[in-house]
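Here is the naming used below: chain letters follow the sequence lines, and residue numbers restart at 1 for every chain.
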Amino acid sequence: MPVNVVVLVKPVPLREQDITIREDGSGINLEELKYGINEWDNYALEEGLLIKEKFGGKVFAVTLSSKQRDPEFLLRECYAKGVDSAILIHCEESEEFDPYLTAKVIYEVVKDLEYDLILCGVQAFDDNYTLTGAFLAELLNLPHASIITKLELLPDKKIAVVRRELEAGVEEEVEVDLPALFTVQTGINQPRYASLLKLRSALKKEIRVLGLNDLGMEEKAVLDERKMVVRRMYRPIVKKETNFLEGSAEEVSRKLIEILREKGVLSG
Amino acid sequence: MVREREILVVAEHRGKELREVTLEMLRKAKQLSGQAGYRVSLAILGYGISDLVEEASWFGMDKVYYLKHRELEHYCLDCYKDALKGLIEEENPLLVLIGHTATGMDFAPSVAMSLNLPLATDCIDLELIDSGLKVTRQVYGGKVNVELQVKPHKSYIVTLRPTVFRPAEKTERKAQIVEITPRLGRPRTRFVRYVKPEIADIDISQAELIVSVGRGIGERENIKLVEELAEAIGGVLAASRPIVDSGWLPKTRQVGQSGKTVKPKLYLAIGISGSTQHVMGMKNSEFIVAINKDRNAPIFDIADVGIVSDLFEVVPALIELLKEK
């Protein structure tokens, strides 16, 4: 019995970059950053591809993004990994969206797709809301389970058995009626890489691009519907005084060992 | 008669025990009510937990709603949603506080969306202001704080990050307990069982010296290097989540919210950025040393000693010096 899966993928700033805040505190300097697939979504995507390999069916990748996050490249990568159809909801205002708007816009696209399952990451590295998946499930009137670390599908029974990660290593096994939405935790699988050869052939694949106008919404007016807006951004205030050691590798190592011996943490 | 507005805290409990985050939320709720005279109440959803409800009623709130139903014996998304929706519609609280935990994260969005109420998640602070609600959250893996303005609405829902606020203490005053039988629909998600963690070869939560390795190590084979340092120090090797996700070390070595909580004399973090989830598991270590090439890594915010440098230079130098002795 084939299973069709929709996977939500978001381009986010790659880790290990300097994240700088605009001088007026109104946001991040997004222009200077490099983007790639959100780590959690990458595991969701892999889970979708594994389901396709096991049960047959199609995988749709859906992205909502502004141009500067280079969503087309991300969707080409999805094609190269084995996705059947990629949809880009292109919206410059999405940088200013709150999670309600994000879910609502994605809902307008997903509701017309034929799916048995929707997967997305637990959270996005950049805004950390942990809301898009659960909000979308509610709008689609689907059950959901979040933070899943194991997914077993029983399509003929129309159920899935999933494990949800709780705290301190404890997990919870839950039975969920299908169709359903799951938010996927990192570590559930080992995501594949796209080969150069497949990336090259993915260049020929067509990405379906939609704008808010295609969904019956207005680019400018839509921001008025937000329930939350950013007041300011700033670096966390640090209360602890950190003793930063400087010098060559050997010098800092000597200093560190000395400190640890003085503290009595190391003997000798 | 105008009723005083209410701050409603949703209790979290497991195995007939109230979880700490519940008391943390109560403390914050009381602090907020003190300024404006709001009532504070606690909602407990469950079945067969009258002792827990009784115990909870001594923490200084005005009222405890015990939403009692057989279907609520274990956590269930649809049951929680139906029960809380009913209570919120009935009581019309100004603010609903929920823990930003695996459970809270699961049901809070469904309750908020189904009632069309604003929800701010994983907040580390909040303030009720004339123009609505102001909350503080952390983004970009803890590197940036953001202050959000929630627009004026009849009610707000906020999930609070655990371990940020001190827990409320027991008082001399017992709250009124109101037992309610909620009306529930047929649940589409059903609890099956808890799965306990595997037994570890070494219990890192008991270790006095921990050398912990993170994403900065780059490749599986480089872990040997950190293992060598752990041996030279006489400590135990642990890891942050990405190392375990990649299958490079077993889950039993993972430090953090979803892994182990540790309190060693020395926590040496190597190539660990210090995400919130990781920090929650090690911030109470007695002495924290961090080696990371990114000066803005949040791990330095809690480190006693910081070395901003390439771990592949510092770690071999440390090993050599320790062996010299």
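With a 4.5 Å cut-off on non-hydrogen atoms, B:L77 touches chain A through its side chain but not through its backbone. Only the side chain of B:L209 comes within less than 4.5 Å of a heavy atom in chain A; its backbone stays farther off. Proximity to chain A (any heavy atom under 4.5 Å) is shown, for B:Q138, by both the backbone and the side chain. Residue contact with chain A, scored on non-hydrogen atoms closer than 4.5 Å, involves the side chain of B:K251 exclusively. Using a 4.5 Å cut-off between heavy atoms, B:S309 does not touch chain A at all. Within the 4.5 angstrom heavy-atom criterion, only side-chain atoms of A:Q190, from C-beta onward, approach chain B. In this structure, chain A has heavy atoms under 4.5 Å from both the backbone and the side chain of B:D301. Only the side chain of B:N296 comes within contact range of chain A, with at least one heavy atom under 4.5 Å from a heavy atom of that chain. Using a 4.5 Å cut-off between heavy atoms, A:P99 makes no contact with chain B at all. Using a 4.5 Å cut-off between heavy atoms, B:A120 contacts chain A through both its backbone and its side chain. Contacts between B:L117 and chain A at a heavy-atom distance below 4.5 Å involve the backbone alone (N, CA, C, O). Of the two parts of B:T136, only the side chain, counted from C-beta on, holds a non-hydrogen atom closer than 4.5 Å to a non-hydrogen atom of chain A. In this structure, chain A has heavy atoms under 4.5 Å from both the backbone and the side chain of B:N116. If you measure heavy-atom distances from A:I19 to chain B, the contacts under 4.5 Å come from the side chain alone. The parts of B:V305 that come within reach of chain A are both its backbone and its side chain, each placing non-hydrogen atoms under 4.5 angstrom from that chain. When heavy atoms are compared at a cutoff of 4.5 Å, B:F287 approaches chain A solely by way of its side chain, counted from C-beta outward. With a threshold of 4.5 angstrom between heavy atoms, A:R163 approaches chain B through side-chain atoms but not through N, CA, C or O.
Salt bridge present: A:R69 and A:D126 bring a charged side-chain N and a carboxylate O closer than 4.0 Å. By the 4.0 Å N-to-carboxylate-O rule, A:R164 lies close enough to B:D106 to be salt-bridged with it.
Ring geometry for B:F191 against B:H74 counts as parallel: the plane angle stays under 30°, on a 0 to 90° scale with 60° as the upper cut.
Of the N and O atoms on the side chains of B:S258 and B:R241, at least one donor lies less than 3.5 Å from an acceptor on the other residue. The closest side-chain donor-acceptor pair between B:D304 and A:N243, if any, does not fall under 3.5 angstrom.
Cation-pi contact between B:R14 and B:Y75: absent, since separation from the ring centre below 6.0 Å together with deviation from the ring axis within 45° is not met.
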